[in-house]
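Not measured: the values here are computed from a predicted model. Atoms considered below: every heavy atom in the structure, side chains included; atoms not considered: hydrogens, waters and symmetry mates.
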Amino acid sequence: MLAAERQARIVEEIHKRGAVRVIEFAQMLGVSDMTIRRDLDALAQQGLLDKVHGGATRRSASTEEPGFEAKSLRQQPEKEAIAKAAAELVSPGTAVGLSAGTTTWALAHALRGVDGLTIVTNSMRIADVLHARPSTDQNVVVVGGVRTPSDALVGPIAVSALAQLHLDLVFLGVHGMAETAGFTTPNLLEADTDRALVKAGRRLVVLADHTKWGTVGLSTIARLADADIVISDDGLPEEARMTLTEHVEEVRLVPVGEASR
């Protein structure tokens, strides 16, 4: 395979999966790790991807905010596995907060069968999921505000409402996570609202699939150390695992079948 063909395949996989490790590329394309590293260097110089330790990630602008439908199509098996693991943390009768996002949306589906919950969210999509199968045992509170491309309700109204609440668990979906930037989003108003949601919770659980590592949005929601638990999938690069373990009390990696990746 010519270098140009190999590099085109690398770019295709990066856009499809969000992030891939060097060892995976080497096995996939039947070449050495060093060859893949040279390819990644060349592609990074062309601005086609971001090279990170051990692999590469899809390049995205710090202010890019895909719509809900676009995000919902990405890493579906990973998000469903993460949501299932997150649901195991929720006991009947507790008060939980769910930020807007496609992974927390998947979690909302998993929580419909848990009795006695009070669920606070700023997501129209999550509210729709919970109201589609109404339960007299659940109380759903939707905070209002300005609607974002990802169907979150954000801004001063939401922040003010959240400041009055006290939640047992907050589940936070994020645009990206990195050691220095922490957990981030490209939307400034959403960052303010998410910070208020985090502050309202006694414990913070961050839900982020492996493609979120190395992605940095415009605004920081919280530091890595602010999370009590991070739930990701087993595609998370080793460097990311080590970094998260240094900062976060508990890191859970859920298995996802290779055929689904």
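- Residues Leu89 and Leu169 share a closest heavy-atom pair of O-CD1, 3.6 Å.
- Between Glu250 and Arg252, at least one side-chain N (NZ, or NE/NH1/NH2) sits under 4.0 Å from a carboxylate O, which counts as a salt bridge.
- The minimum heavy-atom distance linking Thr103 with Ala83 is given by the pair O-CB, 4.2 Å.
- A pairwise comparison of heavy atoms in Phe183 and Arg223 identifies CE1-O, 3.3 Å as the closest pair.
- To the nearest 0.5 Å, atoms CG (Asp33) and CD (Gln27) are separated by 8.5 Å.
- Between Arg6 and Leu2 there is no side-chain heavy-atom pair separated by less than 4.5 Å.
- Using a 4.5 Å cut-off on side-chain heavy atoms (C-beta onward), Val248 and Ile229 make no contact.
- Between the side chain of Thr94 and the main chain of Val90, no donor-acceptor pair closer than 3.5 Å is present.
- At distances below 3.5 Å, not a single donor-acceptor pair connects side-chain atoms of Asp151 with backbone N or O atoms of Arg125.
- With hydrogens and angles disregarded, a donor-acceptor distance shorter than 3.5 Å links the side chain of Thr104 to the backbone of Gly101.
- With a 4.5 Å cut-off on side-chain heavy atoms, Leu236 and Leu244 count as touching.
- Note: Leu189 CG to Thr148 OG1 = 9.5 Å, rounded to the nearest 0.5 Å.
- Using a 4.5 Å heavy-atom threshold, the side chains of Gln138 and Ile119 count as touching.
- In plain terms, the two heavy atoms of Ser232 and Asp209 that are nearest each other are OG-C, 3.6 Å.
- Considering only heavy atoms from C-beta on, Leu98 stays 4.5 Å or farther from Val120 through its side chain.
- With rounding to the nearest 0.5 Å, the separation of OG1 in Thr121 from CG in Leu197 is 8.0 Å.
- Interatomic distance, CG of Asp194 versus CD1 of Ile221, reported as 4.5 Å (0.5 Å rounding).
- You'll find the side chain of Ile231 reaches within 4.5 Å of the side chain of Val254, heavy atoms only.
- Side-chain contact between Leu43 and Val11: present, with at least one pair of heavy atoms (C-beta onward) separated by less than 4.5 Å.
- Side-chain contact between Thr220 and Thr185: absent, with no pair of heavy atoms (C-beta onward) separated by less than 4.5 Å.
- Rounding to the nearest 0.5 Å places OG1 of Thr118 at 9.0 Å from CG of Asp168.
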